[in-house]
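For reference, the structure is listed below as structure tokens.
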Protein chains: 2
Amino acid sequence: MGHGELKVTADVPGGLSTKHNERSKWAVDPQCPVRDVLDRIGDKWSTLVLGTLASGPHRFSAVQRAIPDISKRMLTQTLRDLERDGLIARTVFPTKPPSVEYRLTPLGETILEPLTVLVQWADRSRAAIKNARQAYDAAS
Amino acid sequence: MGHGELKVTADVPGGLSTKHNERSKWAVDPQCPVRDVLDRIGDKWSTLVLGTLASGPHRFSAVQRAIPDISKRMLTQTLRDLERDGLIARTVFPTKPPSVEYRLTPLGETILEPLTVLVQWADRSRAAIKNARQAYDAAS
DNA sequence: CAGAATCCTATGAGATACTG
DNA sequence: CAGTATCTCATAGGATTCTG
């Protein structure tokens, strides 16, 4: 008890992994889904960009306006990585000056729900975490 | 259409955020929940440690065995950060040699479900992402 | 406008050695 | 056993300048 009622353990006995692993060695696999997903969205900007595009297609400069403190360099790189992974699509309109539109692909839209679940957790837990930090820092 | 049926937009019109923000400026707030959560679990090891402790309390060396390629330095630091945020609890047994046990707190257990949702997405999407990468790299 | 190129720095993280 | 203390390196990421 104490851990038996965890929803996660009902489906994934070894912890957070989902299958194709025996027992608790899931963290060993360098291609385990945990590492896989975090390498993808664990960087500083990917989720912000995905969240921005969640409300519809944006041009390069529009994304940058939505995330004011991202540099052009990191925005370009983040967009490229997401495009390479098939999460967003890039469309160039050969106008003068050129205009480029970014939008979520169908695959990219499927990540919004998992991200939303995570963000909602963060929102609900913010106060508790803040308190925990203050208690920890006060005790140290 | 195209974005109107997104589940995420039903609850969170501005994108991934959940509330207390007007329109699409959610990414501007440095304390926005997206950045908040990613600063917490977006590092290389936190989720692996949380996933390991999901199956029950572990001693320091047991966590290290579960995640073979983490260094003692990073394991210590990751455990400290998670403890500070109130997600895990540290219990010292004054035996000789000393033994220390780590376990999820009630708060820490609440993050397992969001993480599981994300991991399951990664698992389901792995093939699609792999294909997208190959197509992108072939076209470049 | 939408980048590409270059330079630079801060930090994440590994390796190793030491200790109560 | 469960850390701490250094040292070192790779890379994420910022600032700036240039261009089709």
Side-chain angles (χ1 to χ4, degrees), chain A residues 27-28 30 32 34-35 37-50 52-53 57-85 88-103 136 139-140, chain B residues 27-28 30 32 34-35 37-50 52-53 57-85 88-103 136 139-140:
Chain A
V28 179
C32 90
V34 184
R35 307 197 184 199
V37 69
L38 282 175
D39 288 347
R40 181 144 305 105
I41 63 147
D43 68 300
K44 190 172 180 177
W45 303 113
S46 288
T47 56
L48 280 318
V49 171
L50 291 170
T52 299
L53 297 183
H58 282 63
R59 296 179 55 175
F60 185 91
S61 51
V63 179
Q64 199 171 24
R65 270 192 302 276
I67 313 173
D69 55 344
I70 192 174
S71 64
K72 284 167 94 171
R73 168 165 149 59
M74 289 317 297
L75 179 54
T76 301
Q77 182 177 307
T78 302
L79 289 168
R80 288 286 178 282
D81 290 346
L82 292 174
E83 185 194 359
R84 186 170 108 99
D85 284 348
I88 67 176
R90 177 176 180 269
T91 309
V92 181
F93 298 100
T95 57
K96 294 180 64 163
S99 145
V100 179
E101 181 190 271
Y102 293 92
R103 68 172 68 227
Y136 184 94
S140 70
Chain B
V28 179
C32 91
V34 184
R35 307 196 184 199
V37 69
L38 282 175
D39 287 348
R40 182 143 304 105
I41 63 148
D43 68 298
K44 189 172 181 179
W45 303 113
S46 287
T47 56
L48 280 317
V49 170
L50 290 171
T52 298
L53 298 183
H58 283 63
R59 295 179 56 175
F60 185 91
S61 51
V63 179
Q64 200 170 23
R65 270 191 300 277
I67 313 171
D69 54 345
I70 192 174
S71 65
K72 283 165 99 170
R73 169 166 151 59
M74 290 316 298
L75 178 54
T76 300
Q77 183 177 307
T78 302
L79 289 167
R80 288 287 177 281
D81 290 346
L82 293 173
E83 185 194 359
R84 186 170 109 97
D85 284 348
I88 67 177
R90 176 177 182 269
T91 309
V92 181
F93 298 100
T95 57
K96 294 182 60 162
S99 146
V100 179
E101 182 190 88
Y102 294 92
R103 69 171 67 226
Y136 184 94
S140 72

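Every chain is numbered from 1 and lettered A, B, ... according to where its sequence line falls, protein lines coming before strand lines. Hydrogens, waters and symmetry mates are skipped; everything else that's a heavy atom, side chains included, is used.
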Quickly work out the B:Lys72 NZ to D:dC1 P distance and round it to whole Å. 8 Å
Is B:Lys44 touching bases, backbone alone, or none of the nucleic acid, heavy atoms closer than 4.0 Å? sugar-phosphate
Gap between atoms CD and P, on A:Gln77 and D:dG14 respectively (whole Å): 10 Å
Take B:Pro98 and A:Gly42, find for each the nucleotide of DNA chain D with the closest heavy atom, and name the residue whose nucleotide sits nearer the 5' end. B:Pro98
Would you compute the distance between atom OG1 of A:Thr47 and atom CG of A:Asp43 and round it to the nearest 0.5 angstrom? 7.0 Å
Among D:dA2, C:dA2, D:dT4, find the nucleotide with the atom closest to the side chain of B:Ser99. D:dA2
Can you check the B:Gln64 CD to D:dG3 P distance for me, whole Å? 11 Å
Selected nucleotide, minimal atom distance to B:Arg90 side chain, candidates D:dG3, C:dC1, C:dG3: D:dG3
D:dA12 C1' sits how many Å from B:Leu38 CG, rounded? 15 Å
Length of the line joining B:Asp81:CG and C:dG12:C1', which is rounded to integer Å: 12 Å
So if I take every side-chain heavy atom of B:Arg73 and compare against D:dA2, C:dA4, C:dA13, which nucleotide ends up nearest? C:dA13
From CA spacing to verdict: side chain to side chain contact (heavy atoms under 4.5 Å, CB included), A:Asp69, A:Trp45: CA-CA 10 Å; A:Asp69 55 344; A:Trp45 303 113; 3.9 Å; yes
Just compare D:dG14, C:dA13, D:dG20 and give me whichever is closest to any side-chain atom of B:Met74. C:dA13
Nearest whole Å is fine: how far is D:dT4 C1' from B:Leu79 CG? 14 Å
A:Tyr102 and its side chain to side chain contact (heavy atoms under 4.5 Å, CB included) partner, picked from A:Leu75, A:Leu82, A:Ile88: A:Ile88
Output the rounded distance in Å from CZ (A:Phe93) to C1' (C:dA2). 14 Å
Quick one: A:His58 NE2 to C:dA2 C1', roughly how many Å, whole number? 16 Å
Hey, is the side chain of A:Ser61 poking within less than 4.0 Å of OP1 or OP2 on C:dA2, counting only N and O atoms? yes
Have a look at B:Tyr102 and say if it touches a base, only the backbone sugar-phosphate, or nothing, with a 4.0 Å heavy-atom cut-off. sugar-phosphate
Less than 4.5 Å apart, side chain to side chain, heavy atoms only: is that true for A:Phe60 and A:Thr76? yes
Within less than 4.0 Å of OP1 or OP2 of D:dA2, is there a side-chain N or O belonging to B:Arg65? no
Hey, does the side chain of A:Arg59 come within less than 4.0 Å of C:dC1's phosphate (OP1/OP2), counting only N and O? no
Got A:Tyr136 and B:Arg80 here, is their nearest side-chain heavy-atom distance under 4.5 Å? yes
